[in-house]
Amino acid sequence: MQWEAVIGLELHAQLATRTKIFSGASTAYGAEANTQACAIDLGMPGMLPVLNERAVRYAVRLGLALDAEVAGRSVFARKNYFYPDLPKGYQISQYEIPVVGTGHLDIELEDGSQKRIGVTRAHLEEDAGKSLHEGFTGMSGIDLNRAGTPLLEIVSEPELRSAKEAVAYMKKMHSLVRYLGICDGNMQEGSFRCDANVSVRPVGQLEFGTRAELKNLNSFRFVERAINFEIERQIELIEDGGTVVQETRLFDPDRGETRSMRGKEEAHDYRYFPDPDLLPLEITRAFIDEVRAELPELPDAKRARFASDYGLPDYDAGVLTSSRELADYFEAVASACGDAKLAANWVMGEFSGALNRAGLDIADSPVDAEALAGLLRRIVDETISGKIAKEVFEAMWQGEGDADAVIADRGLEQVTDSSAIEAMVDEAIAANPQQLEQYRAGKTKLMGFFVGQVMKASGGKANPQQVNDILKQRLDG
């Protein structure tokens with residue numbers, strides 16, 4: 001039997017506000033445990049929540065970017081359940097009327113096609129605290145610094161059919177919230193995480209299978225591994241005569257498997273009811289228009305512009321717009337050096353490779369956009385070759401100065417004197433009579449050998465085009 005996966009994602013984006021969603025306590029990451037939770041976050045008697053307007057603004061920003069319905073009136077509800085890290089015994093969330101309704105997000109598949117994924121809703125809610133297990137013997141600690149941190153839970157329709165599609169959707173949403181400036185997207189710090197609802201059904205069947213929810217996946221790689229494992233687990237279970245149980249499961253990255261955490265609750269288990277301490281949230285048309293005016297150029301529009309204005313291939317435009325920081329960096333380099341394709345190649349190649357090796361963000365790069373553009377200008381004006389430019393870039397990365405300084409200090413200026421190149425060509429041919437004979441007998445691939453000899457003799461500084469032209473004249477002459 002052929003099986004089909006049905007996957008829906010619940011993405012939790014921590015909104016980039018300085019204070020919590022219902023209190024003035026700080027949301028800064030990394031503070032000492034229990035130093036950033038006030039009486040409101042702790043649910044102390046008599047404390048009343050006050051909604052953070054910036055959190056609402058950020059939610060509307062996402063709704064507009066998803067071409068979604070923004071509710072003129074939404075309601076906060078109490079989601080009742082008891083966990084040690086939830087001091088009030090309930091979480092303030094939105095239930096029946098979320099601030100953002102149905103929208104959509106287009107993702108790119110591996111074959112280059114696009115697929116539109118429906119977004120069911122995005123609702124505001126507060127985060128819980130965190131249970132700590134390391135450093136405690138026979139007990140657990142509780143850190144309530146996260147309690148009350150503003151989250152936007154973005155729920156997709158169950159329209160994803162593979163782990164790769166799920167990752168593509170998650171990456172696209174991750175990029176979007178960072179473009180919008182509403183979430184820093186830091187997955188290691190828990191600012192952007194995912195719950196995945198996974199089920200399987202025979203191909204052609206309309207009814208969904210029983211789903212399992214995979215909780216708190218905080219990397220793209222874990223999402224793909226966890227979903228793939230879960231799909232295989234459910235298929236094997238059913239084919240062996242078993243049944244899938246609706247439950248919540250955790251992914252163990254060390255063992256590469258999911259394991260049961262608890263039975264999956266239904267909405268009625270949470271006994272939702274409107275929070276009596278919060279008025280319904282009313283959003284005016286003027287407020288929406290104001291937020292719309294704040295929207296930056298969105299990734300899809302930027303990608304299309306990069307392809308049309310800069311003449312870049314779709315692949316290049318897609319890579320360069322994968323994050324707002326990378327797109328801005330590329331545009332600054334391209335503008336300053338005057339060669340967009342050359343800038344694209346270097347930003348995607350040497351620059352991104354160096355960032356990855358060093359584990360740095362663009363903001364921390366030792367080579368800023370103007371410096372890289374200065375290097376590329378020396379390729380364009382043929383002061384150095386592309387090969388030598390890589391040596392110059394490495395020196396710049398190590399802090400040896402700008403491109404002109406490195407070229408001067410290391411004597412790397414390209415040799416373009418035709419007579420000098422002709423002399424090196426003649427020496428290379430004279431030193432290799434056997435290869436010359438083979439070349440002239442028809443083994444023309446030896447052209448590359450002679451080019452290498454000349455470039456070696458020049459220390460890599462000879463103009464490659466001139467070397468090729470002069471060599472061909474000599475060898476064919």
Side-chain angles (χ1 to χ4, degrees), residues 10-56 58-59 73-100 121-133 136 139-155 183 189-191 193 195 213 215-216 248 261-282:
E10 298 174 8
L11 302 177
H12 291 83
Q14 178 179 324
L15 297 175
T17 59
R18 289 186 298 176
T19 57
K20 295 183 177 176
I21 188 169
F22 298 119
S23 80
S26 172
T27 58
Y29 179 81
E32 184 180 351
N34 296 313
T35 59
Q36 293 182 171
C38 70
I40 293 175
D41 307 319
L42 299 179
M44 300 297 285
M47 297 297 105
L48 294 176
V50 177
L51 179 60
N52 186 328
E53 180 185 330
R54 186 162 293 277
V56 176
Y58 286 172
R73 184 178 187 276
S74 60
V75 175
F76 285 99
R78 290 187 178 181
K79 181 181 181 181
N80 295 276
Y81 59 103
F82 176 75
Y83 286 140
D85 53 12
L86 191 67
K88 295 194 292 279
Y90 61 86
Q91 177 190 31
I92 302 178
S93 181
Q94 293 188 311
Y95 177 48
E96 291 182 314
I97 313 176
V99 63
V100 175
R121 60 188 279 150
H123 61 260
L124 286 163
E125 65 183 24
E126 61 179 345
D127 205 352
K130 183 179 181 181
S131 297
L132 305 174
H133 306 293
F136 296 91
M139 63 184 76
S140 294
I142 301 294
D143 178 6
L144 295 174
N145 281 355
R146 289 192 68 89
T149 297
L151 300 179
L152 194 59
E153 181 173 323
I154 310 161
V155 182
C183 172
E189 295 178 1
S191 299
R193 56 189 192 266
D195 298 340
E213 182 182 36
K215 291 291 286 186
N216 288 330
T248 298
M261 178 181 176
R262 62 174 184 263
K264 174 62 180 173
E265 298 90 345
E266 297 288 358
H268 62 261
D269 295 323
Y270 293 119
R271 295 175 291 114
Y272 283 97
F273 63 86
D275 192 306
D277 292 336
L278 286 162
L279 292 171
L281 171 61
E282 296 193 352

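Quick note: numbers below take in every heavy atom, side chains included, and nothing from hydrogens, waters or symmetry partners. For the single chain, residues carry numbers from 1 onward in sequence order.
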Inset, instruction - Look at the rings of Phe22 and Phe76 and say which category their plane angle falls in: under 30° parallel, 30 to 60° tilted, over 60° perpendicular. - result: perpendicular

Return yes if some donor-acceptor pair links the side-chain N/O of [X] with the main-chain N/O of [Y] below 3.5 Å, else return no.
| X | Y | answer |
| --- | --- | --- |
| Asp143 | Gly129 | no |
| Glu213 | Asp195 | no |
| Asn80 | Arg271 | yes |
| Thr27 | Thr17 | yes |
| Asn52 | Thr19 | yes |
| Asp275 | Ala77 | no |

Note, [X] side chain near [Y] side chain (heavy atom, < 4.5 Å):
| X | Y | result |
| --- | --- | --- |
| Leu144 | Leu42 | yes |
| Ile21 | Thr149 | no |
| Leu151 | Leu124 | no |

Going from [atom1] on [X] to [atom2] on [Y], what distance comes out if it is rounded to the nearest 0.5 angstrom?
| X | Y | atom1 | atom2 | value |
| --- | --- | --- | --- | --- |
| Phe136 | Ile142 | CZ | CD1 | 8.5 Å |
| Leu152 | His12 | CG | NE2 | 9.5 Å |
| Arg121 | Ile154 | CZ | CD1 | 12.5 Å |
| Cys183 | Gln14 | SG | CD | 7.0 Å |
| Glu53 | Leu281 | CD | CG | 10.0 Å |
| His123 | Ser74 | NE2 | OG | 11.5 Å |

Considering all heavy atoms, the nearest [X]-[Y] contact:
| X | Y | answer |
| --- | --- | --- |
| Asp41 | Ser23 | OD1-OG, 3.0 Å |
| Gln36 | Ser26 | NE2-O, 3.4 Å |
| Ala59 | Val100 | O-CG2, 3.4 Å |
| Ala122 | Pro98 | O-CB, 3.8 Å |

Legend entry - Passing candidate, salt bridge (charged side-chain N to carboxylate O under 4.0 Å, His left out) with Glu126, options Arg146, Lys88, Lys20, Arg78: Lys88

Legend entry - Glu189 atom CD, neighbour heavy-atom count above 12 within 6.0 Å: yes

Inset, instruction - Inspect the surroundings of CG in Leu132 and state if more than 12 heavy atoms from other residues, nucleotides or ligands are less than 6.0 Å away. - result: yes

Legend entry - Salt-bridge present (Asp85, Lys130; N to O < 4.0 Å): no

Inset, instruction - Decide, yes or no, whether a salt bridge links Arg193 with Asp127 under the criterion of side-chain N to carboxylate O below 4.0 Å. - result: yes

Legend entry - Worked verdict on Val75 versus Glu96 for side chain to side chain contact (heavy atoms under 4.5 Å, CB included): CA-CA 8 Å; Val75 175; Glu96 291 182 314; over 6 Å; no

